[in-house]
Amino acid sequence: MGEELPPTERLYTALAGIPPGKVVTYGQLAELAGMPRRARWVGQTLKKLPKDTTLPWFKVINSQGRISFPAGSEAAERQADKLREDGVEVSEQYRINLKVYQL
DNA sequence: CGACTGACCAGAT
DNA sequence: TATCTGGCCAGTC
């Protein structure tokens with residue numbers, strides 16, 4: 001019968017489908033993957049992605065419209081650069097306007 | 001087994 | 001805007 005993909009696979013698929021210039025929150029991505037209220041699980045899963053992944057991990061931000069890495073860290077800076085390349089406006093304080101860029 | 005930790009979140013103050 | 005609280009749940013020790 002119909003075999004359903006594992007949760008992680010559904011997460012990858014949903015993430016790969018985020019259009020250019022758009023972002024999603026951890027909680028939103030959890031719902032898209034069919035795992036409502038599992039925002040933390042999304043974070044744990046993304047953390048395990050290989051460093052050379054082609055998935056747009058940088059499109060995932062928290063519900064406050066901020067990058068979930070310590071300000072000034074390499075990770076935060078890398079994510080901000082990626083988002084800007086993708087056409088998303090990111091302030092110096094790593095803030096993104098969800099009203100404009102959220103899927 | 002309990003205690004603690006996270007790429008989290010929503011509501012209250 | 002900032003801080004706190006309770007909820008969430010898989011890993012780790």
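We name chains A, B, ... by the order of the sequence lines, and we start the count at 1 in each one. Below, each value reflects all heavy atoms present in this structure, side chains not excepted, and no hydrogens, waters or symmetry copies.
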Protein-proximity profile, nucleotides 1-13 of chain C, B/S/- by nucleotide at the 4.0 Å heavy-atom cutoff, equals S-----BBSBS--

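B:dC1 and C:dC13 have their C1' atoms separated by 12 Å, given to the nearest Å. A distance of about 15 Å separates the C1' atoms of B:dG6 and C:dG7, rounded to the whole Å.
Across all strands shown, A:T45 has no heavy atoms under 4.0 Å from either base or sugar-phosphate atoms.
Regarding A:M35, its CE atom lies at a distance of 16 Å from the C1' atom of B:dC8, rounded to whole Å. For A:L15 and B:dA7, the CG to P distance is 17 Å, given to the nearest whole Å. The nearest whole Å value for the distance from the CD1 atom in A:I96 to the C1' atom in B:dA7 is 13 Å. Here the P atom of nucleotide B:dG6 and the CG atom of A:N62 are 16 Å apart, to the nearest Å. Atom CG of A:L83 is separated from atom C1' of B:dA7 by 13 Å (rounded to the nearest Å).
Using a 4.0 Å cut-off, some side-chain N or O of A:S68 falls inside it from OP1 or OP2 of B:dC8. A sub-4.0 Å separation between OP1 or OP2 of B:dA10 and a side-chain N or O of A:S63 is present.
In this structure, the side chains of A:T45 and A:Y12 come closer than 4.5 Å at one or more pairs of heavy atoms. A:L83 is listed as a side-chain neighbour of A:Q79, based on a closest heavy-atom distance under 4.5 Å. Put simply, the side chain of A:E77 reaches to within 4.5 Å of the side chain of A:Y94, judged on heavy atoms.
Within 6.0 Å of CZ on A:R84 lie more than 12 heavy atoms contributed by other residues, nucleotides or ligands. Within a 6.0 Å sphere centred on NZ of A:K22, heavy atoms belonging to other residues, nucleotides or ligands number more than 12. Surrounding CZ of A:R10 are more than 12 heavy atoms belonging to other residues, nucleotides or ligands, all under 6.0 Å away.
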